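What follows is a single structure, written as structure tokens, with notes after it.
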Amino acid sequence: MFALVDVNNMYVSCERVFRPSLVGRPVVVLSNNDGCAIARSNEAKDLGIKMAQPWFQIRHLQRQAGLVALSANFELYGDMSSRMMSLVGEYAPRQEVYSIDECFLDFDGVHGSLAAIGGDMRAKVLQWTGLPTSVGFGPTKTLAKLANHVAKTEDRKPGTYARPIAQVCDFGAMAPEELSRVMQLTDVGDVWGVGRKSSARLKGQGIQTVLDLVRADIATLRSQFNVVMEKTVLELRGTSCLDVDDAPAANQQIMCSRSFGAAVTNLQELIEVVSQFASRVAEKARDQRSVAGAVHVFVSTSPFRQNDRQHSPSGTLPLGRPSADTRVLIAAAVRLLAALYRPGFNYVKAGVMLVELQADDQVQGELDLFSGMDAAAEPSAPRDPSKLMGALDALNQRFGKGAVTVASAMRQEPANSNNSAGGAVQSRQEWRSPRYTTRLAEIPAVRT
DNA sequence: TCTGGGGTCCTAGGACCC
DNA sequence: TCTGGGGTCCTAGGACCC
């Protein structure tokens, strides 16, 4: 039996832990540039705010409906997440952390009432972290996901399923006819793995509900869609195709990209920001002990600025030898950028991606053809990049992000503020809360 | 004025091989 | 006029997830 545990409205719930006055009010958390709503409280959902809806379309609700907007505080959410995950992980032999706010648990071989265990989990996470969670159990991951969805829906809109569903929803303990009824009352698009496109196509064929999908002909679906759809249907029927993955492999790609606070046309500013991104992906690569075989860079104008000429080039540069050295990756990224850049365009976004990643201890060796030859002919490759980069990471760990950085990732001209990363490229973040749990200086004060 | 930032997997089609 | 029959590998693009 599998469980899916997730935090209700994760980012908003994290904020409410430290600002209880936000409980009961419509709250949204905004994306990096205060651009869109990426998390919504139930009250905000009730106002009709959609996921990823642009802020300028809903800002009037501040006055009209008392909507509160907060800038994303990922440092806080990440820390709250690891607290929640470690608590929940105690309950089952295997745990797969699936995203920042949810995990699968494998309860194979665990005895006792799952509903009781689930209730205990929720109570403990709530008491120890302040975060509200939902729990779903099912004989497959897809069913556990669905059970979780059902529990959450019932919590938010009681009566949806005619007969009440417990706060912890266990499909394993449900009579078959009751499970069918629940499936009949659930939209096919709510199934894990059925996205917008597939949902529309399925509905075009008369498959509206989860029950319709379960009863559809699997061979036909396989030929019309793909193996993913086939597995989804098998899982909904109780045949487990997906296992809990408690030792996920290292990422195959590492990306850092961002929209700018304002459009940028100047190459020098782009070089700075691309250098910062390259520096960040280099850190991430070293963190998972990988080296990259190639660097990919893109910049783009805004499709929303209809009067602007559009230009969104991208390119990939293979590295002679795989590397996670910040200097090597910045140099490659900047070279690419210079080749992609055209003057006169309003760029609003850029990104750096590392691809062809491999484990840093499995890099193919090289025959040193230069040894004994003209030393000046050899490219000035770093002698022992790992040592220097290790020191860099240690310093930044101890003294805070950005304490030591490569010069090209810094502002080239005196910044007009005391923030070294200022300028047009700087993200807007008007309403970010303190990083209560990860910075001593921002720890909440308790009055006595 | 103002529109997120990460990732994964699958498939089709082209290049290339013998 | 008539033009084989297998394979593999790579890439771009699409769909999906949160």
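Numbered from 1 within each chain, the chains take letters A, B, ... in sequence-line order. Treat the numbers as computed from the prediction; the structure is a model and nothing was measured.
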Rounded interatomic separation in angstrom, taking NZ from Lys349(A) and P from dG4(B): 6 Å
Shortest side-chain distance from Arg59(A), nucleotide among dC18(C), dG5(B), dT1(B): dT1(B)
Closest-nucleotide ordering on DNA chain B, the 5'-leading residue of Gln253(A) and Pro54(A): Pro54(A)
Touch class at under 4.0 angstrom, heavy-atom based, for Val191(A) against every strand present: sugar-phosphate
Atom P, compared across dT3(B) and dC18(C): separation rounded to whole Å: 25 Å
dG7(B) OP1/OP2 closer than 4.0 Å to side-chain N/O of Lys284(A): yes
Phosphate OP1/OP2 of dC2(B): any Asn33(A) side-chain N/O under 4.0 Å: no
For dG13(B), the Watson-Crick or wobble counterpart (both distances under 3.5 Å): dC10(C)
Nearest-neighbour nucleotide for the Met255(A) side chain, dT8(B), dG6(B), dC17(C) considered: dG6(B)
Side chain of Ser198(A) - closest among dG4(B), dG7(B), dA15(C): dA15(C)
Euclidean distance, atom CG of residue Asp245(A) to atom C1' of dC17(C) [Å, nearest integer]: 15 Å
Side-chain touch Ile271(A)/Tyr341(A), heavy atoms, less than 4.5 angstrom: no
Within 6.0 Å of CH2 in Trp128(A), more than 12 heavy atoms from elsewhere: no
Euclidean distance, atom NE2 of residue His149(A) to atom C1' of dC18(C) [Å, nearest integer]: 15 Å
Ring centres under 6.0 angstrom apart (Phe104(A), Tyr98(A)): yes
Integer-rounded Å distance: dG4(B) P and Ile100(A) CD1: 19 Å
Arg201(A) side-chain N/O to dA15(C) phosphate OP1/OP2 under 4.0 Å: no
Sugar-phosphate only, base, or nothing, as touched by Asn251(A) at under 4.0 Å among non-hydrogen atoms: sugar-phosphate
Which nucleotide in dG7(B), dC16(C), dT11(B) has an atom nearest any side-chain atom of Lys197(A): dC16(C)
Euclidean distance, atom CG of residue Asn148(A) to atom C1' of dC17(C) [Å, nearest integer]: 14 Å
Paired nucleotide for dC18(B) [Watson-Crick or G-U wobble; both distances under 3.5 Å]: dG5(C)
Heavy-atom check, side chain of Leu213(A) versus side chain of Leu221(A), under 4.5 Å: yes
Minimum-distance nucleotide to Ser31(A) side chain [options: dC18(C), dG4(B), dT8(B)]: dG4(B)
Atom-pair distance (CZ on Phe277(A); P on dG4(B)), nearest Å: 13 Å
Candidate nucleotides dC17(C), dG6(B), dG4(B), ranked by approach to the side chain of Trp192(A) - the nearest: dC17(C)
Could you pull out all donor-acceptor pairs under 3.5 Å where a side-chain atom in residues 57-64 of chain A meets a protein atom, sequence neighbours excluded?
{"from": "Gln57(A)", "atom 1": "OE1", "to": "Gln53(A)", "atom 2": "NE2", "distance (Å)": "3.3"}
{"from": "His60(A)", "atom 1": "ND1", "to": "Gln57(A)", "atom 2": "O", "distance (Å)": "3.4"}
{"from": "Gln62(A)", "atom 1": "NE2", "to": "Arg59(A)", "atom 2": "O", "distance (Å)": "3.2"}

Under-4.0 Å side-chain N/O to phosphate OP1/OP2 contact, Lys231(A) with dC9(B): no
Candidate nucleotides dC2(B), dC18(C), dG7(B), ranked by approach to the side chain of Glu102(A) - the nearest: dC18(C)
Any Ser259(A) side-chain N or O less than 4.0 Å from OP1/OP2 of dG4(B): yes
Euclidean distance, atom CZ of residue Arg196(A) to atom P of dA15(C) [Å, nearest integer]: 10 Å
Closest nucleotide among dG6(B), dA15(C), dT3(B) to the Cys256(A) side chain: dG6(B)
Sugar-phosphate, base or nothing in reach of Arg258(A), heavy atoms under 4.0 Å: sugar-phosphate
Only distances under 3.5 Å count here; give the side-chain donor-acceptor pairs of residues 132-147 of chain A to other protein atoms, sequence neighbours excluded, each with its distance to 0.1 Å.
{"from": "Ser134(A)", "atom 1": "OG", "to": "Asn8(A)", "atom 2": "OD1", "distance (Å)": "2.7"}
{"from": "Thr140(A)", "atom 1": "OG1", "to": "Leu143(A)", "atom 2": "N", "distance (Å)": "3.1"}
{"from": "Thr140(A)", "atom 1": "OG1", "to": "Glu235(A)", "atom 2": "O", "distance (Å)": "3.0"}
{"from": "Lys141(A)", "atom 1": "NZ", "to": "Glu96(A)", "atom 2": "OE1", "distance (Å)": "2.7"}
{"from": "Lys141(A)", "atom 1": "NZ", "to": "Asp243(A)", "atom 2": "O", "distance (Å)": "2.9"}
{"from": "Thr142(A)", "atom 1": "OG1", "to": "Glu235(A)", "atom 2": "OE1", "distance (Å)": "2.6"}
{"from": "Lys145(A)", "atom 1": "NZ", "to": "Glu102(A)", "atom 2": "OE1", "distance (Å)": "2.7"}

Among dT8(B), dG6(B), dA15(C), the one nearest Gln252(A) by side-chain distance: dT8(B)
Comparing Tyr11(A) and Phe225(A) on DNA chain B - which has the more 5′ nearest nucleotide: Tyr11(A)
Ser257(A) vs dG4(B): side-chain N/O to OP1/OP2 distance below 4.0 Å: no
Euclidean distance, atom OH of residue Tyr77(A) to atom C1' of dG6(B) [Å, nearest integer]: 16 Å
Arg305(A) side-chain N/O to dC2(B) phosphate OP1/OP2 under 4.0 Å: yes
Min side-chain heavy-atom separation Glu15(A)-Val27(A) under 4.5 Å: no
